[in-house]
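Note sheet for the following structure.
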Amino acid sequence: MTEQNYRLFQKGENIKFKTHQEFANDVLIGLSQPLKWLPSKYIYDARGSRLFKKIMELPEYYLTRTEIEILESKKKEIAKEIGDKEFNLIELGCGDGKKTKILLEQFLNNDQSLHFFPIDISEDSISEFIDCLRGQYPDLRSEGLVSDYFEGLYWLSAQNHRKNVVLFLGSNIGNFTPLKAGVFLSSLWQALNNDDLVLVGFDLRKNTDMMVKAYNDEKGITAAFNKNLLMRINRELKGNFELDQFEFYATYDVVEGAIQSYLISKIEQKVFIGELKWLFSLKAKEPIHTESSYKYLIDDIKDMASKNNF
Ligand code: AVJ
């Protein structure tokens, strides 16, 4: 990496310290509950993000392919909707960029004038993403923002009076409960101005077998991806989870409309987390909830949009 190609909202070391403390806290809170759970956002360290890239290539994981198809078939319409005034393209969370590039190329081909701002809490992913974009599109104005989503959005809208177009793709919204998703959308609405636009990728409910298979791939990549949470606790918080003593299980909850992922303790066991100076017990067959992936009905999306002013 050459010059710094992103903007940090807090000094690097501070932000690392803060995330470490939050991680420790969330692990302690989650694993102290009667129904143990761990927030899925912690799956995505460097290894977790690599595993997620593999998931996106899996034949069973239909989400990525489907979204790419949708963006390919709608990119002209999307570009037209934005119009030809100069705008900020803001991406919440930076994936591997494959999907963003479909839209970017359409905008660049149309000579639409834009400034691209990916916002992500991970300094490494932002920096890597921006380097790659600058190599591939030397004429694109791009700057990464290392911050949480809203901090970045508020900063941006105070900087200039350009129209904002916000991308929140990949069914990332599916990790929120519908209640939290609503809160998220209304905060998003608050952070934006009148003519701004938001594009959110939701996964629609479909055949249960197809959904369940997408989270139970044959190669076990999704299992490794979820177990990365335990690995991360072992490494960063000096835990002694034995990964082989957990079974990964993902099921579709028809009432909630969500895939629920769990790591189930195969045996009765005790786990020590050094940094928390804490020894806790798991019963045989006791689950740790690791992720919810909500699937939506079109009407739910419409209701949520109108309830939150969109
Ligand atoms: C990145 C949150 C959209 O829930 O489908 C993939 C993560 N988990 N396989 C999803 C995930 C298991 C994914 N999201």
Side-chain angles (χ1 to χ4, degrees), residues 26 37-71 91-100 118-122 125 129 148-149 166-181 184-185 199-232 243 246-254 256-264 287-297 300-301 304:
D26 288 346
W37 70 287
L38 291 166
S40 60
K41 66 176 179 189
Y42 294 117
I43 301 175
Y44 302 87
D45 61 358
R47 181 170 178 271
S49 306
R50 268 202 306 280
L51 286 166
F52 182 61
K53 277 185 191 161
K54 282 198 188 164
I55 289 177
M56 291 194 288
E57 308 272 304
L58 290 171
E60 295 98 333
Y61 196 71
Y62 59 85
L63 285 84
T64 311
R65 258 177 292 123
T66 312
E67 198 174 41
I68 289 175
E69 271 166 35
I70 295 171
L71 290 174
E91 177 154 36
L92 305 183
C94 59
D96 62 345
K98 200 166 165 189
K99 287 176 275 193
T100 321
I119 303 180
D120 200 287
I121 201 75
S122 153
S125 357
F129 190 36
D148 77 43
Y149 295 161
V166 177
L167 304 177
F168 191 46
L169 301 179
S171 188
N172 283 328
I173 200 163
N175 278 166
F176 299 147
T177 60
L179 195 73
K180 277 213 185 132
F184 173 83
L185 286 182
L199 184 65
V200 185
F202 289 89
D203 190 20
L204 296 179
R205 286 189 201 172
K206 37 189 70 69
N207 175 293
T208 47
D209 191 45
M210 182 173 171
M211 292 188 289
V212 169
K213 282 204 173 109
Y215 294 82
N216 287 282
D217 65 280
E218 255 173 35
K219 288 193 199 136
I221 311 281
T222 312
F225 172 75
N226 277 262
K227 284 188 179 183
N228 190 51
L229 266 170
L230 306 186
M231 215 187 229
R232 189 168 177 189
L243 272 51
F246 290 85
E247 178 197 348
F248 169 70
Y249 182 70
T251 177
Y252 181 65
D253 178 338
V254 284
E256 281 283 293
I259 293 284
Q260 304 290 9
S261 300
Y262 302 93
L263 292 171
I264 305 171
I288 301 175
H289 182 234
T290 50
E291 193 178 34
S292 298
S293 304
Y294 280 84
K295 308 301 173 191
Y296 279 84
L297 297 171
D300 294 341
I301 301 172
M304 191 154 74

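Only this structure's heavy atoms are used, side chains among them; waters, hydrogens and symmetry mates stay out. Indexing begins at 1, ligand by ligand and atom by atom, following the structure's order. When a residue number appears, it is its place in the shown sequence, counting from 1.
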Selected option - heavy-atom contact closest to atom 10 (C) of ligand 1, from Y61, F52, F225: Y61

Heavy-atom nearest neighbour in the protein, as seen from atom 2 (C) of ligand 1, with distance rounded to 0.1 Å: N175 OD1, 3.0 Å

Check: S261 side chain, T290 main-chain N or O, donor-acceptor pair, under 3.5 Å: no

Minimum-distance pair of heavy atoms, taken over all atoms of P39 and D26: CG-CB, 4.0 Å

Shortest protein heavy-atom distance from atom 3 (C) of ligand 1, along with the residue and atom involved: G170 O, 2.9 Å

4.0 Å heavy-atom contact, S171 with ligand 1: yes

Parallel, tilted or perpendicular: rings of F52 and F225 (30°, 60°): tilted

Minimum-distance protein heavy atom relative to atom 4 (O) of ligand 1: S293 OG, 2.7 Å

Closest contact, heavy atoms only, K295 versus L63: NZ-CD2, 4.0 Å

Ring pair (Phe, Tyr, Trp, His ring centres under 6.0 Å) involving F246 - partner list, sequence neighbours excluded: F241

Side chain, backbone, both or neither: the part of Y44 lying under 4.0 Å from ligand 1 by heavy atom: side chain

Min N/O separation T222 to ligand 1 under 3.5 Å: no

D45 side, atom CG; N228 side, atom CG - distance, nearest 0.5 Å: 4.5 Å

Residue, atom name and distance, where the atom is the protein heavy atom closest to atom 7 (C) of ligand 1: E291 OE2, 3.3 Å

Parallel, tilted or perpendicular: rings of F168 and Y149 (30°, 60°): perpendicular

Nitrogen or oxygen of N226 less than 3.5 angstrom from that of ligand 1: no

